[in-house]
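Quick note on labels: first sequence line is chain A, next is B, and so on, each numbered from 1. As the structure is a computational prediction, the values presented were derived from the model and not from experiment.
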Number of protein chains: 2
Amino acid sequence: MGVPCRPILSYVEQLGDQLASDLAVSVVRLARHLRGRRQGAPVSLTQLSAMSILRSEGPMSPGQMAAQERVQPPSMTRVIASLVDLGYINRDPHPTDGRQVVVSLSPAGEAILEDETHAREAWLRNQLSQLDEASVAAVRTAIDAFDKMVANSD
Amino acid sequence: MGVPCRPILSYVEQLGDQLASDLAVSVVRLARHLRGRRQGAPVSLTQLSAMSILRSEGPMSPGQMAAQERVQPPSMTRVIASLVDLGYINRDPHPTDGRQVVVSLSPAGEAILEDETHAREAWLRNQLSQLDEASVAAVRTAIDAFDKMVANSD
DNA sequence: TATTGTTATACTCTATAACTATA
DNA sequence: TATAGTTATAGAGTATAACAATA
């Protein structure tokens, strides 16, 4: 009890550990919150995230989508199926390779994505608006860092 | 198609929308990643988060834990049950109110929490170490902002 | 009657393993 | 035989509704 003795780690390394631990807990809590706040929304954050890949990168195969989102192919299969059911994406045969399919945003999907970006997330937008300017800038920088970290995860 | 016409929103408001939307997607992706990277760890991030509340705030009732973590009581009941099974927390009767129970970290729980903080999250620590100093500072500030936002969510 | 917590149940998200179809 | 995708199945995490025990 009290202060643990861990001479193997330097002070700086311990700070890094603490930061990583704090970030993990904090991000998981915020993510839980954001998911919970979307009840009644037309699409979940998982679905939104998948659609946003299609918007930024264009039509692609389920396998490519899974790789981009860093999920396993069967997970993406389910997300795609749900979005096809909703009419927000299309699932077309690949022109030359009969094994592949091509997934693309439908006009309805583009519309809902635009809508969600500009008119939803009211809670989060409100919270962000209460931060000072420096914090908002920090959040912006942190988002880039998060995206880079996930992209680097190979 | 093309640029949608939304004269109701000012440019600044649109930036706020975009930030909120980017943040939501980014946080959910990172959270998914962090959860996935903990396979084989003794406790999940959900469990770790619950334990960290007990460490920072001391023993409390399941209801208080649920409120702190912003989950519904039945969700916390399950997390608590799993941690009791693992021997990381204790569940004792309240001294004066027979309806309540008091949840506290066990010595094994304190040890594992210390361990997780200082020796785990290797992937995340490594990613953080690759950021420049300004980005690390931004992440630190962003964590505080996230925690504040979740705490403000009433 | 109000409060605290649990049980029952269901849904979402994700994974692994096994399978089908095509190359 | 290798690749792309799906189906089958399971487990974690969360919620709501209904219940039991105590105040």
Colleague: When we call it a touch if two heavy atoms are under 4.0 Å apart, what does Arg32(B) touch: a base, just sugar-phosphate, or nothing?
Modeller: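 Here Arg32(B) touches the backbone only, sparing every base.
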Colleague: Taking all heavy atoms of Gln47(A) and all of Pro42(A), pick out the closest pair and write down the distance.
Modeller: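 Closest approach of Gln47(A) to Pro42(A): OE1-O, 4.4 Å.
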Colleague: Measure CE/Met60(B) against P/dT4(C) and give the value in whole Å, please.
Modeller: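 Value for this atom pair: 15 Å.
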Colleague: Hey, does Thr96(B) reach any base, or is it just sugar-phosphate, or nothing, if we go heavy atoms under 4.0 Å?
Modeller: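 Touches sugar-phosphate only.
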Colleague: Rounded to the nearest 0.5 Å, what's the gap from CZ on Arg91(B) to CD1 on Ile80(B)? Could you check?
Modeller: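 The CZ atom of Arg91(B) sits 7.0 Å away from the CD1 atom of Ile80(B).
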Colleague: Round to the nearest Å and state the distance from Leu48(B) atom CG to dG13(D) atom P.
Modeller: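 The answer, rounded to whole Å, is 11 Å.
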Colleague: To the nearest angstrom, how far is Gln72(A) atom CD from dT7(D) atom P?
Modeller: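 Spelled out: CD on Gln72(A) to P on dT7(D) is 17 Å.
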Colleague: Rounded to the nearest angstrom, tell me the gap between atom CG in Asp92(B) and atom P in dG5(C).
Modeller: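 For the pair Asp92(B) CG and dG5(C) P, the rounded distance is 13 Å.
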Colleague: How far does OG1 of Thr46(A) sit from CZ of Arg29(B), to the nearest 0.5 angstrom?
Modeller: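 So the OG1 of Thr46(A) and the CZ of Arg29(B) are separated by 10.5 Å.
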Colleague: For Arg37(A) and dT14(D), give me the distance from atom CZ to atom P, rounded to whole Å.
Modeller: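 Going from CZ in Arg37(A) over to P in dT14(D) covers 15 Å.
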Colleague: Any protein N or O atoms within reach of nucleotides 1-4 of chain D? Criterion: under 3.5 Å, listing atom names and distances.
Modeller:
| from | atom 1 | to | atom 2 | distance (Å) |
| --- | --- | --- | --- | --- |
| dT3(D) | O4' | Arg99(A) | NH1 | 3.3 |
| dT3(D) | O2 | Arg99(A) | NH1 | 3.2 |

Colleague: Could you give the distance from CZ (Arg125(B)) to OG (Ser21(A)), rounded to the nearest 0.5 Å?
Modeller: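 So the CZ of Arg125(B) and the OG of Ser21(A) are separated by 10.0 Å.
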Colleague: Indicate whether OP1 or OP2 belonging to dT14(D) is found under 4.0 Å from a side-chain N or O atom of Arg35(B).
Modeller: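 Checking dT14(D) against Arg35(B), a side-chain N or O does come within under 4.0 Å of OP1 or OP2.
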Colleague: Calculate the interatomic distance between Arg70(B) atom CZ and dG13(D) atom C1'; express it in whole Å.
Modeller: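 These atoms are roughly 19 Å apart.
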Colleague: Between Pro73(A) and Arg78(B), name the one whose nearest nucleotide on DNA chain D is closer to the 5' end.
Modeller: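 It is Pro73(A) whose nearest nucleotide is closer to the 5' end.
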Colleague: Can you tell me how far the CD1 atom of Ile53(A) sits from the CG atom of Leu105(A), to the nearest 0.5 Å?
Modeller: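 Going from CD1 on Ile53(A) over to CG on Leu105(A), the span is 11.0 Å.
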Colleague: Taking atom CG of Leu124(B) and atom CG of Leu23(A), what is their separation to the nearest 0.5 Å?
Modeller: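 One finds 5.0 Å between CG of Leu124(B) and CG of Leu23(A).
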Colleague: Report which part of the nucleic acid Ser44(A) touches: base, sugar-phosphate, or nothing (heavy-atom distance under 4.0 Å, all strands).
Modeller: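 Touches sugar-phosphate only.
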Colleague: For DNA chain D, whose closest nucleotide is more 5', that of Val28(A) or that of Gln64(A)?
Modeller: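 The residue whose closest nucleotide sits nearer the 5' end is Gln64(A).
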Colleague: For DNA chain C, whose closest nucleotide is more 5', that of Arg91(B) or that of Val79(A)?
Modeller: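 Per heavy-atom nearest nucleotide, the more 5' residue is Arg91(B).
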Colleague: Considering only dG13(D), dA15(C), dC13(C), which nucleotide approaches the side chain of Thr46(B) most closely?
Modeller: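 Nearest to the side chain of Thr46(B) among the choices is dG13(D).
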Colleague: Indicate whether OP1 or OP2 belonging to dC13(C) is found under 4.0 Å from a side-chain N or O atom of Ser75(A).
Modeller: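 For Ser75(A), the contact criterion (side-chain N or O under 4.0 Å from OP1 or OP2 of dC13(C)) is not met.
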Colleague: When you compare the side chains of Ser135(A) and Asp132(A), does any donor N or O come within less than 3.5 Å of an acceptor on the partner?
Modeller: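 Side-chain D/A pair, Ser135(A) to Asp132(A): present.
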Colleague: Can you identify which nucleotide, out of dT14(C), dT16(D), dT7(C), has its nearest atom closest to the Thr77(B) side chain?
Modeller: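 Selected nucleotide: dT7(C).
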Colleague: Take atom CD of Gln39(A) and atom P of dT14(D), then tell me their distance rounded to the nearest Å.
Modeller: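 Answer to the nearest Å: 13 Å.
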Colleague: What integer distance in Å separates Leu34(B):CG from dA15(C):C1'?
Modeller: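 To the nearest whole Å, that distance equals 17 Å.
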Colleague: If only side-chain N and O atoms count, and only distance matters, is there a donor-acceptor pair under 3.5 Å linking Thr117(B) with Gln18(A)?
Modeller: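 No, no side-chain donor-acceptor contact under 3.5 Å.
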